[in-house]
Colleague: 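Structure provided below as structure tokens; questions to follow.
Below, chain A is the first sequence line, B the second, and so on; all start at residue 1.
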Amino acid sequence: MRKKLESLVQQAVATLKKEGVIADDIHVNIALERCRDPQFGDFASNLAMVLAKPAKLNPRQLAEKLVSALPEDSAIVKVDIAGPGFINFFMDQRSQFDIVRQIHAQGSDFGRSQVGAGKKIQVEFVSANPTGPLHVGHGRGAAYGSVVADLLTAVGFSVHREYYVNDAGRQMDILATSIWLRYLEECGEPVRFPDNGYRGDYVSDIARDVYRNAKDDYRRPFDLVLEGIPEDESQGGDKEAHIDGLINKAKTLLGTTDYRKVFQVGLNNILEDIKQDLQGFGVDYQEWFSEQHLMDDGSVELALKRLQVAGHLYEKDGATWFASSPFGDEKDRVVRRENGQYTYFASDIAYHMNKLDRGFDQIIDIWGADHHGYIPRVKAAIQALGADADKLKVLLVQFATLYRGEEKVQMSTRSGEFVTLRQLRDEVGKDAARFFYVMRRSEQHMDFDLHLATSKTNENPVFYVQYAHARVCSVLRQLVEKGFTRDLVSGMDALDKLTEEHELSLLSTLERYPEMLERAALTHEPHQLILYLRELANAFHTYYNAHQFLVEDASLRNARINLVCAVKQVLANGLTLLNINTPESM
RNA sequence: GCGCUUGUAGCUCAGCUGGAUAGAGCAUCGGCCUUCUAAGCCGAGGGUCGCAGGUUCGAGUCCUGCCAAGCGUGCCA
């Protein structure tokens with residue numbers, strides 16, 4: 001409906017251009033919006049006001065010319081010029097009923113489109129370090145990222161979901177060392193656990209696993225471990241120097257092979273846990289991309305080589321720097337440290353080079369908002385590699401602050417004090433958790449009250465939408481119980497009996513679904529979908545309370561059943577996109 | 001200090017490329033169940049859109065300054 005009207009208006013503009021009223025070279029952006037107030041019709045355009053100045057006409061005069069240039073169409077009943085120059089369109093109400101037929105015909109495909117035209121988009125999200133279980137902070141990125149990916153798929157993009165596994169950094173060494181120390185405890189060594197080690201119970205669990213399999217094979221006297229290690233922070237020293245000393249000691253005392261074994265057990269264990277966790281949360285990936293792999297196959301070296309050849313690298317203070325500031329970064333960045341090790345940024349350059357080489361039309365990275373300062377340097381790298389910085393779109397997800405009622409929950413991965421995503425799922429359920437996370441704009445800081453989310457009795461908006469779906473199902477059950485039979489065809493023939501205000505409002509809400517979906521996808525704003533579903537549910541609940549569907553008049557009854565079935569279909573389509581269940585009863 | 005983000009009802013948030021009277025949920029108050037599920041519906045109150053300028057037919061939306069909050073500003077990841 002909207003598209004059709006847009007093309008009619010476009011034709012009117014073309015006519016005026018031909019007549020010389022509007023200059024040919026003016027770019028015309030057809031702006032049609034749905035009217036909030038029905039007195040202004042169904043759609044309104046501000047076109048005349050926008051074009052008034054370049055056309056050197058006053059808006060109302062121009063509006064009149066536009067209206068008279070508008071091709072005849074049976075769908076348009078009336079066109080008004082109002083206020084300072086709005087053009088208001090009143091559509092034929094009979095055409096509104098088509099939406100019910102359309103929804104019935106397209107079923108679960110209703111709302112999907114091909115605006116993406118099969119373009120390849122990569123969406124990388126979560127990518128949490130595999131140093132511990134996912135916590136509720138990651139949950140938001142997981143929910144948001146997966147819905148963004150699914151929305152893009154729904155409007156015709158070819159989407160590749162990817163998790164970047166940071167399995168090569170210092171944090172992983174800290175994890176491996178933490179596991180080894182817990183293992184030594186298990187062996188009976190008098191271990192003093194470092195301030196900076198990973199303290200979560202899962203570390204001890206993994207250590208016990210290691211002990212079960214290896215017995216005393218990796219046991220070394222703790223005195224020997226501590227030998228020559230600088231003091232820890234709580235002993236008046238430096239915690240970083242202390243943990244680095246322990247890592248080096250673990251490597252030398254265990255030897256490369258055994259150290260690697262402990263390391264690998266930790267990585268495999270945690271990564272497997274993360275995979276299962278995400279799967280249970282309704283988040284699936286096409287690819288788990290290993291940072292270590294980039295190191296091993298020489299991609300990091302290759303990436304730096306490419307930068308070097310292009311003249312973007314230089315040596316200073318014993319380190320290798322990438323000249324990112326000419327590309328708009330605040331300062332240049334180190335890619336290889338004085339000690340010869342690559343920085344995290346170096347492998348990230350390699351990773352993005354790899355993404356570019358894979359030929360995606362667009363690359364979307366979803367990061368925690370605390371990494372926003374990182375964007376300019378990655379974009380700089382992309383440009384330095386000879387690509388367009390706009391290929392990369394970084395979407396930021398603000399962390400959720402967790403509350404238990406009034407009390408703020410403090411979290412730190414290292415200290416082991418955090419609420420895991422799994423705990424949240426157990427308490428709230430997948431549906432409510434996903435709905436909550438995606439309900440707000442991603443870059444908006446959000447308060448996540450566990451008490452509120454766990455309360456199943458009220459306030460939880462997900463139930464409101466699911467309830468609408470369940471209610472339609474209930475109506476269909478009642479239909480049978482009352483001895484009626486649904487007659488689809490006669491219902492479709494009788495759609496023009498749907499003249500109640502609530503019915504018309506429901507029809508226009510249904511009609512908005514495809515354009516809403518397209519916008520939500522292209523702007524990467526899943527909350528638009530949530531908002532829409534709440535509106536649709538509200539329109540339905542209101543209708544339900546105002547009118548009986550299972551009336552004696554068979555044709556009216558069938559028409560109403562067809563309408564509420566269309567509502568059920570659209571609710572199901574939206575909820576399914578969000579990976580939220582559509583209960584038949586509640 | 002500099003950079004990014006945010007500031008809308010008591011609370012949590014929407015507000016589409018600038019459009020007509022700024023919306024919703026929760027909370028508060030008042031109504032609606034012998035009827036297809038009351039996890040619902042209807043109504044009421046509640047606003048200096050952080051502050052001050054500017055741009056224009058028109059600004060919550062764009063620009064500038066200021067105020068406040070968060071984050072960033074490593075040879076950490």
Colleague: Work out how far the P atom of B/rC2 is from that of B/rG40, and round it to whole angstrom.
Modeller: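 So the two P atoms sit 50 Å from each other.
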Colleague: Indicate whether OP1 or OP2 belonging to B/rC36 is found under 4.0 Å from a side-chain N or O atom of A/R560.
Modeller: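 For A/R560, the contact criterion (side-chain N or O under 4.0 Å from OP1 or OP2 of B/rC36) is not met.
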Colleague: Calculate the interatomic distance between A/Y544 atom OH and B/rU35 atom P; express it in whole Å.
Modeller: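 About 10 Å, once rounded to whole Å.
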Colleague: Please measure how far the C1' atom in B/rU35 lies from the corresponding atom in B/rG30, and state the result in whole Å.
Modeller: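 B/rU35 and B/rG30 have their C1' atoms separated by 24 Å.
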Colleague: Assert yes or no for the condition that the ring centre distance of A/Y513 to A/Y532 is strictly below 6.0 Å.
Modeller: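 Yes - the distance between ring centres of A/Y513 and A/Y532 falls below the 6.0 Å cut-off.
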Colleague: When the P atoms of B/rU5 and B/rG45 are compared, how many Å lie between them, rounded to an integer?
Modeller: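 Between the two P atoms, the distance is 38 Å.
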Colleague: Give the minimum heavy-atom separation between A/A44 and A/N88, together with the two atoms involved.
Modeller: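 Shortest heavy-atom contact: CB-OD1, 3.4 Å.
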Colleague: If I take atom CZ in residue A/R534 and atom C1' in nucleotide B/rU12, what distance separates them, rounded to the nearest angstrom?
Modeller: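 Those two atoms, CZ and C1', are 10 Å apart.
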Colleague: In whole Å, I'd like the distance from the CD atom of A/E443 to the P atom of B/rC4.
Modeller: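 It works out to 16 Å between those atoms.
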Colleague: Give none if B/rC71 has no partner; otherwise give the nucleotide forming a Watson-Crick or G-U wobble pair with it, both distances under 3.5 Å.
Modeller: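 B/rG3 is the nucleotide pairing with B/rC71.
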Colleague: Measuring from the side chain of A/R519 (C-beta onward, heavy atoms only), which nucleotide among B/rC16, B/rG40, B/rC13 has the closest atom?
Modeller: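 Closest nucleotide to the A/R519 side chain: B/rC16.
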Colleague: Can you check the distance between B/rC41 and B/rC33, where both ends of the measurement are the C1' atom (answer in whole Å)?
Modeller: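 Between the two C1' atoms, the distance is 11 Å.
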Colleague: With sugar-phosphate meaning primed atoms plus P, OP1 and OP2, does A/L531 contact a base, only sugar-phosphate, or nothing at under 4.0 Å between heavy atoms?
Modeller: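 Touches sugar-phosphate only.
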Colleague: A cation-pi test, strictly: NZ or CZ of A/R557 under 6.0 Å from the centre of the six-membered ring of A/F484 and no more than 45 degrees from its axis. Yes or no?
Modeller: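 Because its charged atom sits under 6.0 Å from the ring centre and within 45° of the axis, A/R557 does stack over A/F484.
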Colleague: What is the nucleic acid contact for A/S585, judged by heavy atoms within less than 4.0 Å: base, sugar-phosphate only, or nothing?
Modeller: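 Base contact - A/S585 has a heavy atom under 4.0 Å of at least one base atom.
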Colleague: In terms of base orientation, is B/rC33 syn or anti, with the syn window spanning 90° either side of 0?
Modeller: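 Syn, which is what one calls it when the glycosidic angle falls within 90° of 0.
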Colleague: What N/O pairs connect the protein and nucleotides 56-62 of chain B at under 3.5 Å? Give each pair on its own line.
Modeller:
none

Colleague: Provide the Watson-Crick or G-U wobble partner of B/rG65, both distances under 3.5 Å; none if there is no partner.
Modeller: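 Checking every strand shown, B/rG65 finds its partner in B/rC51, with both distances under 3.5 Å.
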Colleague: What do you reckon, are the aromatic ring centroids of A/Y144 and A/H524 less than 6.0 Å apart?
Modeller: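 No, they do not, as the ring centres are separated by 6.0 Å or more.
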Colleague: For the C1' atoms, the ones on B/rU6 and on B/rC13, what distance do you get once it is rounded to whole angstrom?
Modeller: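 13 Å, rounded to whole Å.
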Colleague: Salt bridge between A/D329 and A/K331, side-chain N to carboxylate O under 4.0 Å?
Modeller: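 Salt bridge between A/D329 and A/K331, a charged N being under 4.0 Å from a carboxylate O: no.
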Colleague: Looking at A/Y543, I'd like to know whether one of its side-chain N or O atoms comes within less than 4.0 Å of OP1 or OP2 on B/rC42.
Modeller: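 No.
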Colleague: Classify the nucleic acid contact of A/Q444 as base, sugar-phosphate or nothing, counting any heavy atom under 4.0 Å across all strands shown.
Modeller: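 Sugar-phosphate contact only.
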Colleague: Sticking with atom C1', work out how far B/rA39 lies from B/rG25, rounded to a whole angstrom.
Modeller: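 To the nearest whole Å, 14 Å.
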Colleague: Would you kindly give the CE-to-P distance between A/M439 and B/rG15, to the nearest whole Å?
Modeller: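 Those two atoms, CE and P, are 13 Å apart.
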Colleague: Could I get the full list of side-chain contact (heavy atoms from CB on, under 4.5 Å) partners for A/K65, not counting sequence neighbours?
Modeller: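 Expected list: A/L16, A/V21, A/L57.
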Colleague: What pair of heavy atoms forms the shortest contact from A/A520 to A/L529, and how long is it?
Modeller: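 Heavy-atom minimum between the residues: CB-N, 4.5 Å.
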Colleague: Quick check, does A/Y467 stack with B/rG40? I mean ring centres under 5.5 Å and planes off by under 30°.
Modeller: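 Answer is no, no stack.
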Colleague: Think A/H527 has a side-chain N or O under 4.0 angstrom from the OP1 or OP2 of B/rG15?
Modeller: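 It does, given that an N or O in the side chain of A/H527 lies less than 4.0 Å from OP1 or OP2 of B/rG15.
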Colleague: Take the protein atom CZ of A/F436 and the nucleotide atom P of B/rG25, then report the distance between them rounded to whole Å.
Modeller: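 Rounding to the nearest Å, CZ of A/F436 and P of B/rG25 are 15 Å apart.
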Colleague: Is the shortest distance from a Lys or Arg side-chain nitrogen in A/K316 or A/D332 to a carboxylate oxygen in the other one below 4.0 Å?
Modeller: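 So A/K316 does not pair with A/D332 through a salt bridge.
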Colleague: State the pairing partner of B/rU35; accept Watson-Crick or G-U wobble contacts with both distances under 3.5 Å, and report none otherwise.
Modeller: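 For B/rU35, the partner nucleotide comes out as none, under the 3.5 Å rule.
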Colleague: For nucleotides 69-77 of chain B, read 5' to 3', which letter fits each nucleotide if B means a protein heavy atom sits under 4.0 Å from the base, S means only the sugar-phosphate is that close, and - means neither?
Modeller: --BSSSBSB
Colleague: For B/rG43, what is the paired nucleotide under Watson-Crick or G-U wobble rules, both distances under 3.5 Å?
Modeller: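 Here B/rG43 is engaged in a pair, and the nucleotide opposite it is B/rC29.
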Colleague: Rounded to the Å, how far apart are A/H547 NE2 and B/rC36 P?
Modeller: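 So the NE2-P distance, A/H547 to B/rC36, works out to 17 Å.
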Colleague: Taking only side-chain nitrogens and oxygens of A/N538, does any of them come within less than 4.0 Å of OP1 or OP2 of B/rC41?
Modeller: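 So the side chain of A/N538 is within the cut-off, an N or O lying under 4.0 Å from OP1 or OP2 of B/rC41.
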Colleague: How far does the P atom of B/rC49 sit from the matching atom of B/rC32, given to the nearest Å?
Modeller: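 The same atom, P, in both gives a distance of 38 Å.
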Colleague: Using the ring of A/Y544 (Phe, Tyr or Trp, six-membered ring only), decide whether A/R471 places NZ or CZ under 6.0 Å from its centre and within 45 degrees of its axis.
Modeller: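 Cation-pi check for A/R471 and A/Y544: passes.
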Colleague: Tell me: CZ of A/F327 to P of B/rG3, nearest whole Å?
Modeller: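 From A/F327 CZ to B/rG3 P: 22 Å.
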Colleague: Applying the Watson-Crick and G-U wobble criteria at under 3.5 Å, what pairs with B/rC57? Answer none if nothing qualifies.
Modeller: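 Here B/rC57 is engaged in a pair, and the nucleotide opposite it is B/rG19.
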Colleague: Taking only the side-chain nitrogens and oxygens of A/R441, find out if one of them lies under 4.0 Å from OP1 or OP2 of B/rG15.
Modeller: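 For B/rG15, OP1/OP2 do have a side-chain N/O of A/R441 under 4.0 Å.
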Colleague: Is there a side-chain polar atom (N or O) of A/Q478 under 4.0 Å from OP1 or OP2 of B/rU35?
Modeller: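 For B/rU35, neither OP1 nor OP2 has a side-chain N or O of A/Q478 closer than 4.0 Å.
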Colleague: What are the two closest non-hydrogen atoms of A/P130 and A/N166, and how far apart are they?
Modeller: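 Taking every non-hydrogen atom into account, CD-O, 3.4 Å.
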Colleague: Under a 3.5 Å limit for both distances, which nucleotide forms a Watson-Crick or G-U wobble pair with B/rA14, could you say?
Modeller: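 Pairing partner, where one exists within any strand: none, as none qualifies.
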Colleague: Does a salt bridge link A/D348 with A/R377, judged by any charged N lying under 4.0 Å from a carboxylate O?
Modeller: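 Result for this pair is no, no salt bridge flagged.
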Colleague: Pick the C1' atom in B/rG18 and in B/rG54, then give their distance to the nearest Å.
Modeller: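 Roughly 15 Å separates the two C1' atoms.
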Colleague: So which heavy atom on A/L396 is nearest to which on A/S442, and how close?
Modeller: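 Minimum heavy-atom contact is O-OG, 3.1 Å.
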Colleague: Between A/E552 and A/K482, is a salt bridge (charged side-chain N to carboxylate O under 4.0 Å, His left out) present by the stated rule, with each step listed?
Modeller: CA-CA 11 Å; A/E552 285 302 319; A/K482 292 193 172 179; over 6 Å; no
Colleague: Under 4.0 Å, heavy atoms only, any strand: does A/Q528 hit a base, just the sugar-phosphate, or nothing?
Modeller: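 Sugar-phosphate: the residue A/Q528, judged by heavy atoms under 4.0 Å, touches backbone atoms but no base.
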Colleague: Could you state the atom-to-atom distance from CG of A/N88 to P of B/rG19 in whole Å?
Modeller: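 Checked: the CG to P distance equals 15 Å.
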Colleague: Touch check for A/A546, heavy atoms < 4.0 angstrom, all strands: base, sugar-phosphate only, or nothing?
Modeller: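 The residue A/A546 makes no contact with any strand.
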Colleague: Classify the nucleic acid contact of A/S474 as base, sugar-phosphate or nothing, counting any heavy atom under 4.0 Å across all strands shown.
Modeller: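 A/S474: base contact, heavy atoms under 4.0 Å.
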